2 protein chains.
Amino acid sequence: MTAPRAPEQRFESLVDALREAILTGRYAPGTRLVQEELAEAYGISRIPLREALRRLEGEGLVVISPNKGAVVRPLAPKDVVDLYELRLALESLALRRAAERFADLRESTRRRHAEAKRAIAARALPALFKLDRDFHADVAAASDNPHLVAALGAQWSQIMRVMHAYFQVEMYPEAVWDDHEAIVDALAHGDADTAIAVLTRHLSESRDAILAHLRSRAAAPNTS
Amino acid sequence: MTAPRAPEQRFESLVDALREAILTGRYAPGTRLVQEELAEAYGISRIPLREALRRLEGEGLVVISPNKGAVVRPLAPKDVVDLYELRLALESLALRRAAERFADLRESTRRRHAEAKRAIAARALPALFKLDRDFHADVAAASDNPHLVAALGAQWSQIMRVMHAYFQVEMYPEAVWDDHEAIVDALAHGDADTAIAVLTRHLSESRDAILAHLRSRAAAPNTS
DNA sequence: CTCCGCTAGATTGTATACAATCTTCTGACG
DNA sequence: CGTCAGAAGATTGTATACAATCTAGCGGAG
């Protein structure tokens with residue numbers, strides 16, 4: 001997994017590893033990132049590690065305070081609302097552009113749907129999230145707008161952090177993938193409005209489930 | 001201008017200086033950024049400079065290739081189309097949220113309009129661009145969605161690069177600021193649809209002017 | 001004349017070392 | 001008993017030094 005990649009992309013691998021650890025919540029929001037610890041963990045000196053942290057700072061995943069150090073960017077409930085609002089706007093644009101090109105993502109989506117069924121049965125949440133992300137990345141790519149893809153990628157990083165922090169298996173019904181299939185069907189017919197309508201409901205439900213969970217958790221902090 | 005700021009934010013000042021140089025075209029798209037040259041220019045060693053470049057890489061302003069070095073991210077005509085498309089989606093969302101809150105930006109806009117008149121008379125393009133950016137930053141801030149503000153900020157950095165690379169004074173009529181005033185008037189009345197309609201036309205005109213300029217330049221590469 | 005391989009110089013990548021700053025603990029004073 | 005000054009330890013910031021890699025220019029083979 002921590003493959004000995006070609007030395008030319010050692011740095012990129014480092015950034016990817018750190019990013020993945022942040023997205024999956026292994027480094028949870030607010031966690032302090034001590035340079036020497038991380039450097040030793042990844043078998044490098046602090047110099048390249050610091051550069052990786054700066055890169056992630058630029059991506060909005062890490063906050064660095066002078067002489068204080070780096071922490072995984074914190075997440076508040078309002079972030080959830082703001083992120084889903086932003087994501088809807090970006091993904092709607094992606095759908096509109098993808099529909100104009102009659103993008104056909106039905107095959108890969110069906111394949112992912114089958115995988116998702118297995119993941120739900122196995123209660124494998126991280127695998128589910130990854131399938132979800134891959135699906136939406138396909139939609140983004142179908143827009144043929146690299147800047148939109150990049151912006152959506154950044155938002156998705158934040159969304160992944162929210163999911164790994166707040167989602168439960170029960171909140172992830174298979175119906176999610178029915179929505180995905182409805183979206184790609186509409187896309188293949190060039191029907192952007194339908195696709196966006198489904199997406200809008202899809203995201204509202206997802207967001208509201210998270211917010212409801214947050215409220216219940218705030219009421220009973222130590223449920224576990 | 002290169003103020004001796006408090007030592008705690010030396011790094012942030014360095015990033016700001018580099019970013020500003022990129023946005024204003026002093027470091028034009030495609031320019032190679034040689035570490036030792038820049039380090040000497042800013043009176044520091046390569047270590048903090050490299051970190052600054054990594055940060056800008058994360059912001060999408062710089063491209064770094066292993067063992068090759070950093071380059072100001074190149075700009076192609078398609079980038080102009082893609083960026084304006086993305087910007088319209090983001091700024092429409094900002095307008096909608098600002099209108100919901102009846103944000104009143106009329107005063108500051110009128111003030112900027114007056115400054116813009118002077119800048120146009122003086123043919124001071126960089127000053128004009130800055131006024132433009134500040135106006136749109138106000139709109140973004142009025143959305144009360146920090147993630148949207150950040151996303152729009154990143155897009156604006158790219159837009160600024162486009163402007164400084166391709167804009168001419170003749171392409172910047174004072175009518176731009178009439179549009180701005182129409183937008184803030186609509187906002188103050190909570191009329192998001194009107195604001196978005198004006199913005200849509202506003203951006204189309206701006207984009208088309210740039211594209212027309214690019215085409216004419218491609219036809220006659222060595223004018224001037 | 002062209003193309004290939006090679007060397008010298010330029011440039012990037014990073015480990016080490018040390019300075020600067022912050023944090024925590026201790027102990028004295030009120 | 002609380003508070004504050006100070007010192008020790010921990011952590012971050014960066015300059016220097018050197019290794020790794022790339023680039024450009026030269027000379028020889030075909």
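Convention: sequence-line order gives letters A, B, ...; per-chain numbering from 1. Given the structure is predicted, the values throughout are model-derived calculations rather than measurements.
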For this session: Answer yes or no: side-chain N or O of B:Arg10 and base N or O of D:dG13 forming a donor-acceptor pair under 3.5 Å.
Result: no

For this session: Provide, to the nearest angstrom, the distance between the CZ atom belonging to B:Arg50 and the C1' atom belonging to D:dG13.
Result: 16 Å

For this session: Would you mind building the protein contact string for nucleotides 5-10 of chain D? One character per nucleotide, 5' to 3', B for base within reach (heavy atoms under 4.0 Å), S for sugar-phosphate only, - for untouched.
Result: ------

For this session: Classify the nucleic acid contact of A:Leu53 as base, sugar-phosphate or nothing, counting any heavy atom under 4.0 Å across all strands shown.
Result: nothing

For this session: Using only side-chain N and O atoms of A:Lys68, determine if any of them is under 4.0 Å from OP1 or OP2 of C:dT23.
Result: yes

Problem set entry | Under 3.5 Å side-chain donor-acceptor pair for A:His213 and A:Gln168 | yes

Exercise. What does B:Ile64 touch in the nucleic acid at a heavy-atom separation under 4.0 angstrom: a base, only the sugar-phosphate, or nothing?
Worked result: nothing

For this session: Report yes if at least one side-chain N or O of B:Gln35 is closer than 4.0 Å to OP1 or OP2 of C:dA10; otherwise report no.
Result: no

Exercise. Going by distance alone, is a donor N or O of one side chain under 3.5 Å from an acceptor N or O of the other, for A:Arg87 and A:Gln155?
Worked result: no

Exercise. Once you round it to whole Å, what is the distance between C1' of D:dT11 and CG of A:Leu38?
Worked result: 13 Å

Problem set entry | Over 12 foreign heavy atoms within 6.0 Å of CD, A:Glu170 | yes

Problem set entry | 5'-most by nearest nucleotide on DNA chain C - B:Arg32 or A:Ser45 | B:Arg32

Exercise. Relative to the 5' end of DNA chain C, which residue comes earlier, B:Glu36 or B:Ile47, by the nucleotide with the nearest heavy atom?
Worked result: B:Glu36

Problem set entry | Flag for B:Arg112-B:His180: side-chain donor and acceptor within less than 3.5 Å | no

For this session: State whether the distance check finds a donor on one side and an acceptor on the other, under 3.5 Å, for side chain A:Arg46 versus base D:dG13.
Result: yes

